[in-house]
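So the structure is just underneath, and the comments pick up after that.
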Number of protein chains: 2
Amino acid sequence: MKLSNGVEWALHSCVTLSQSREPVPAARLAELHGTPPAYLAKQLQALSRAGIVRSTAGQVGGYSLTRPAAEISALEVVRAIDGTEPAYRCTEIRQRGPLALPAERCERPCAIARAMAAAEEAWARALGEVTVADLAERIDADSGGTAMAAVGRWLTTTR
Amino acid sequence: MKLSNGVEWALHSCVTLSQSREPVPAARLAELHGTPPAYLAKQLQALSRAGIVRSTAGQVGGYSLTRPAAEISALEVVRAIDGTEPAYRCTEIRQRGPLALPAERCERPCAIARAMAAAEEAWARALGEVTVADLAERIDADSGGTAMAAVGRWLTTTR
DNA sequence: TAGAACTCGGACAGAAAATATCCGAGATCA
DNA sequence: TGATCTCGGATATTTTCTGTCCGAGTTCTA
C-alpha cells in the first residue's frame with residue numbers, strides 16, 4: 001500500500017494557495033516546493049478536475065482555491081490525486097474453486113472485505129476531519145508563527 | 001493507494017489454514033482458492049518470513065499456522081505481504097526551495113505528515129482488532145454455519 | 001540404507017502503473 | 001493586432017507489481 005508521491009505536493013500546494021488571494025502559476029509553486037514543474041502541473045490539473053482549485057489562463061493566470069481553506073478537507077485532496085477506489089478490492093475468491101458459493105448467496109460482501117472496508121473508513125474519517133486551514137495553522141504554529149507570513153510575502157514580492 | 005492483490009489470498013489462506021491441524025501444501029491452497037499456484041507460493045513465503053505460518057518440507061509437508069488463529073491479527077497478515085512502510089512518506093518539502101527551513105528546526109515531523117500518520121494509525125488499529133479466528137467465524141456465520149466445516153472436510157478427504 | 005517423490009525457497013521474465021516530460025490551445029495584456 | 005504567458009492533454013522512461021521457473025532440502029517407501 002503506497003500513496004502516490006504527488007499527494008504530498010498537492011497538500012503543500014493547497015496550503016500555499018490558502019495564503020494568496022491572487023492566482024499562483026504552477027511554475028511558481030514548483031519553485032517554492034522544489035519539485036519538477038511539469039509533473040506538479042499534472043497534479044494541479046487533477047485538483048482542478050476535482051473542483052478544489054480553479055485555473056485561470058493568461059498572463060496573470062495561475063491556480064487558486066475555489067473555496068475557503070476551512071471548507072477543504074485533506075481527504076478531498078488525497079482522493080483527487082490518488083483516486084476514489086478503495087485500496088482493498090475483493091475479487092470474490094469465495095465464488096471460485098471446488099467449494100465455490102453460488103452468486104445468489106453472495107449479496108453481502110465477504111467478511112474479509114467488510115473488515116478491510118471498515119479499516120479504510122476509519123482512515124477516511126480521520127482525514128476528513130482535518131482541513132487545509134488546520135494544516136496551515138499547525139505548520140505556522142510549528143514555525144513559531146512566521147512560516148505562513150513568509151509564504152504570503154514571497155508570493156507577492158517575487159512577482 | 002492500492003493494496004497488493006496477494007493480501008486477499010493471504011488472508012483467505014490463513015482462514016483456511018485455521019481449519020486444518022495438518023500442514024497444507026501451497027498447491028492445495030491455490031486449487032481451493034482458484035489462484036495462480038506459483039504466485040500464491042510467493043505470498044506464503046512472505047507469511048513464513050513474518051513468522052505467521054510454518055513451512056514443512058517433504059512428502060506430507062505444507063504450511064500451517066504457528067499460533068492459534070485467535071492470536072493472529074489481520075494487521076499482521078497485511079503487513080507481512082504489503083510491508084511495514086507507511087503509505088505516506090514525507091520527503092521534507094519544507095527543507096527545500098527558497099523558504100527552506102534549517103534541519104535543526106525540523107525535529108518534529110511536518111504537520112501534514114502527522115495528519116497522514118494519524119489516519120494510518122486509525123486504519124491499523126481497526127485491522128489490529130480483528131483476528132483470523134474472527135474472520136473464520138464471520139465467514140461461517142454468513143454461510144449459515146456450513147462453510148468452515150466444508151473446508152475442513154475438503155482438506156482431509158481429497159488427499 | 002538407498003532411491004524416489006514431494007515439498008519449499010529464491011532467482012528470473014513480462015505486464016502494469018507511476019514518474020517525468022514535451023508541445024499545442026486558449027486567454028490576457030501591451 | 002501581436003506577443004507573451006498561462007493551462008491542458010498526449011507522449012517516453014523508470015519503477016513496481018504480477019506471474020513463472022528451476023534448484024535445494026526433506027520425508028517416506030522399497
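For the numbers below, each heavy atom of this structure counts, side chains included, while hydrogens, waters and symmetry mates do not. Letters A, B, ... mirror the listed sequences (proteins, then strands); counts begin at 1.
Considering only side-chain N and O atoms, S55(B) lies under 4.0 angstrom from the phosphate OP1 or OP2 of dG9(C). Distances shown here put a side-chain N or O of S4(A) below 4.0 Å from the OP1 or OP2 atom of dT19(C). Side-chain N/O atoms of Q45(A) include one lying less than 4.0 angstrom from OP1 or OP2 on dG9(D). Residue T56(A) places none of its side-chain N or O atoms closer than 4.0 Å to OP1 or OP2 of dC7(D).
Neither side chain, S13(B) nor Q43(B), offers a donor N or O lying under 3.5 Å from an acceptor on the other. For the residue pair H33(B) and T16(B), a side-chain donor N or O sits within less than 3.5 Å of a side-chain acceptor on the partner.
As rounded to whole Å, 17 Å separates atom C1' of dA17(C) from atom CE of M1(A). Rounded to an integer number of Å, the gap from I81(A) CD1 to dA18(C) C1' is 13 Å. For the pair D82(A) CG and dA18(C) P, the computed distance is 8 Å after rounding to whole Å. Taking atom CG of L47(A) as the reference point, atom C1' of dC7(D) lies 14 Å away to the nearest angstrom. Taking atom CZ on R28(A) and atom C1' on dC7(D), their separation rounds to 16 Å, with Å as the unit. At whole-Å resolution of the value, CG in N5(A) and P in dT15(D) are 14 Å apart. Regarding E22(B), its CD atom lies at a distance of 15 Å from the C1' atom of dC28(D), rounded to whole Å. If you measure from atom CD of E31(B) to atom P of dT7(C), you get 12 Å, rounded to the nearest angstrom.
Taking E129(A) as the reference, R125(A) meet the side chain to side chain contact (heavy atoms under 4.5 Å, CB included) condition, with sequence neighbours excluded.
Heavy atoms of G6(B) sit nowhere under 4.0 angstrom from any nucleic acid atom. Counting any heavy atom pair closer than 4.0 Å across all strands shown, A26(B) reaches sugar-phosphate atoms only and no base atom.
Residues L40(B) and A26(B) come closest through the heavy atom pair CD2-O, 4.0 Å. Closest of all the heavy-atom pairs between L47(B) and A10(B) is CD1-CB, 4.1 Å.
For P25(B), counting side-chain heavy atoms from C-beta on, the closest listed nucleotide (dG8(D), dG10(C), dT7(C)) is dT7(C). Which of dT18(D), dC28(D), dG10(C) sits closest to the side chain of V60(B) comes down to dC28(D). Here the side chain of R49(A) is nearest to one of dC7(D), dG9(C), dG9(D), namely dG9(D).
Note on E107(A) versus R105(A): no salt bridge recorded, every NZ/NE/NH1/NH2 to OD/OE distance being 4.0 Å or above. For D142(A) and R114(B), the salt-bridge test passes: some basic side-chain N is under 4.0 Å from an acidic carboxylate O.
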Expected rows: protein N/O vs nucleotides 20-25 of chain D N/O, under 3.5 Å:
none

